[in-house]
Amino acid sequence: MTCQARTFPGTAYDLGYHGGWCPKYARQVRKHIRADDPDGQGRWSFSSQQATLRRLDKAFKAFFARLRAERTPGFPRFKGRGRFDTVEWPKDGDGCRWNSQPGHPTATFVCLQGIGHVRVHQHRRVLGTVKTISVKREGSRWFVALSCDDVPAAALPATDAVAGIDMGVASLATTSDGDHIGNQRHLAASADRLAAAQRDLTRKKRGSSRRRKAVARVAALHAKVRRQRLDSAHKAALALVRDYGVIAHEALNVAGMTRRAAPRPDGEGGYLPNGAAAKSGLNRSILDAGWGVFLTILAHKAESAGRELIAVSPANTSRTCSRCGHCARENRLTQAGFRCTACGHEAHADVNAAINILRAGLALRDAAQAA
């Protein structure tokens, strides 16, 4: 598929997008634009602009790939200055320099081409060699994100303790030892303030300064919930990594689990009940718990600490008896109650599932070692 070609006035360079990167013309066009606009485009980093165009290329490649696969294409959305929140420099020293004033006794600075030295509140020591630098805007806050090479691993003392963890909504995670990690429900705790802020936003006129302030208030509340969720996930993951040498968890497809309920046509132009209201409430609880965030952070911390993390299929882990292996839907009495209909074994449902997850994880590890 070919999009309509565009040319800049006074140039012979074709900027038509043909489903792939056009390096033959793109570099010349960028140089021409920068030369004609020295106080605008020319003052910014050439490498940073290249990184932005690579992101555009990636978005369009994914778009054309979806077209070829006959999926819903989802045309890439234009990002104006209100939506474009991240700028990347692919190499430290090329348009951007981290710790640009190393001799300063108390503060850290980052030097950005076209802007100058900007003070950074460094919250932890940077390890390894800085590779790429990104500046990100979140509401009214600005952050510098660094990716580093040759970062030393912070291995923890070895331990033979093993655990399986079952993800849940009542508790964020339950271990096979019977410990429950609480679900803080940060979004639910801020629901009233968010609802009030969003109602206030709907009453504001589009384009007005008051609406911009109302948008900033809503964004600030969502950002706070996100930071709280990240903080809880980091603390919970660190506690598990410190206590256990092998951790088995469910390989959850969170995106699929939280997909909206599919409509059920009745064949007469209407629709049958599909439980969408109940499904949306469950989806909100799962997303508020932050399963995906927690498992991602757990994987990173386990790798850094030298721990072994094993993902197992979650199928029937909550219906199988951890004592006799009998699997039946009737074994799960309630959200927290488990009673095996074959042997009568009773346990907390999440603890029973965590034991099954641990057993499956150890079996996978033994099979991999034997292969």
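Cluster membership check: I286 shares its hydrophobic cluster with L172, using side-chain heavy-atom separations under 4.5 Å among Ile, Leu, Val, Met, Phe, Trp and Tyr. Two different hydrophobic clusters hold L127 and V241 under the rule that ILVMFWY side chains link at heavy-atom gaps under 4.5 Å. Follow the hydrophobic side-chain contacts under 4.5 Å out from L282 and you never reach V293; the two are in separate clusters. The same ILVMFWY cluster, assembled from side-chain heavy atoms under 4.5 Å apart, contains both V87 and W142.
Crowding of D149 atom CG: a count of heavy atoms from other residues, nucleotides or ligands under 6.0 Å exceeding 12. For Y271, the OH atom is loosely surrounded, since the number of other residues' heavy atoms within 6.0 Å does not exceed 12. Other residues, nucleotides and ligands contribute at most 12 non-hydrogen atoms within 6.0 Å of the CZ atom of R242.
Residue T320 holds its OG1 atom at 11.5 Å from CZ of R332, rounded to the nearest 0.5 Å. The CG atom of D92 sits 4.0 Å away from atom CD1 of I133, with the distance rounded to the nearest 0.5 Å. Here NE2 of H345 is found 8.5 Å from SG of C324. Values are rounded to the nearest 0.5 Å. Atom-to-atom distance recorded for L298:CG and R307:CZ is 11.5 Å, nearest 0.5 angstrom.
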Under 3.5 Å, which donor-acceptor pairs link side chains of residues 247-254 to any protein atom two or more places apart or in another chain?
| from | atom 1 | to | atom 2 | distance (Å) |
| --- | --- | --- | --- | --- |
| E250 | OE1 | M167 | N | 3.0 |
| N253 | OD1 | G256 | N | 3.2 |

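Within the structure, side-chain hydrogen bond (donor to acceptor under 3.5 Å, both in side chains) pairs that include any residue of residues 69-90 comprise D85-R137 (at least two apart or interchain). Listed by first and then second residue, the side-chain hydrogen bond (donor to acceptor under 3.5 Å, both in side chains) pairs involving residues 277-296 are R229-D288, K279-N283 (not counting sequence neighbours). Residue pairs satisfying the side-chain hydrogen bond (donor to acceptor under 3.5 Å, both in side chains) criterion with at least one member in residues 98-112, sequence neighbours excluded, are listed as follows: S100-H117, T108-Q122.
Scanning all heavy atoms of the two residues, the minimum distance from P273 to R264 falls at O-NH1, 2.8 Å. The two residues L112 and C96 come nearest to each other via the heavy atoms CD2-SG, 3.4 Å. Here the shortest heavy-atom pairing between A170 and N183 reads O-CB, 3.9 Å. Taking both residues in full, the closest heavy atoms of A289 and G168 are given as CB-O, 4.3 Å, listed atom of the first, atom of the second, then distance. Residues I297 and A233 approach most closely at CD1-CB, 3.7 Å, considering heavy atoms. Between D166 and A353 the shortest heavy-atom distance is OD1-CB, 3.7 Å.
Using a 3.5 Å distance cut-off with no hydrogens or angles, the side chains of D177 and Y244 do pair a donor with an acceptor. Side chains of R193 and S190: a donor-acceptor N/O pair is present below 3.5 angstrom, by distance only. Under the 3.5 Å distance criterion, with hydrogens and angles disregarded, no donor-acceptor pair is assigned to the side chains of Q228 and Q184.
Two residues are said to be in side-chain contact when any heavy atoms from C-beta on lie closer than 4.5 Å; D94 and S47 meet this criterion. For the pair N331/F338, a side-chain contact is recorded, criterion being any heavy-atom separation below 4.5 Å from C-beta on. Between R211 and K205, every side-chain heavy-atom pair lies at or beyond the 4.5 Å cut-off. Contact check for R43 versus P38: no side-chain heavy atoms found under the 4.5 Å cut-off. For the pair C327/C321, no side-chain contact is recorded, criterion being any heavy-atom separation below 4.5 Å from C-beta on. Within the 4.5 Å cutoff, no side-chain heavy atoms of I165 are placed close to those of I357. Annotation: side chain of L53 is not in contact with side chain of Q50 (no heavy-atom distance under 4.5 Å). At a threshold of 4.5 Å between non-hydrogen side-chain atoms, the residues N352 and S318 do not count as touching.
Results of the salt bridge (charged side-chain N to carboxylate O under 4.0 Å, His left out) test with E138 over R226, K224, R227 single out R226 as the only residue that passes.
Within the 6.0 Å centre-distance limit, the rings of F60 and F75 are counted as a close aromatic pair.
Residues passing the side-chain hydrogen bond (donor to acceptor under 3.5 Å, both in side chains) test with T174 are H180, sequence neighbours excluded. For the side-chain contact (heavy atoms from CB on, under 4.5 Å) test, residues two or more places apart in sequence or in another chain that qualify with E330 are A328, T341.
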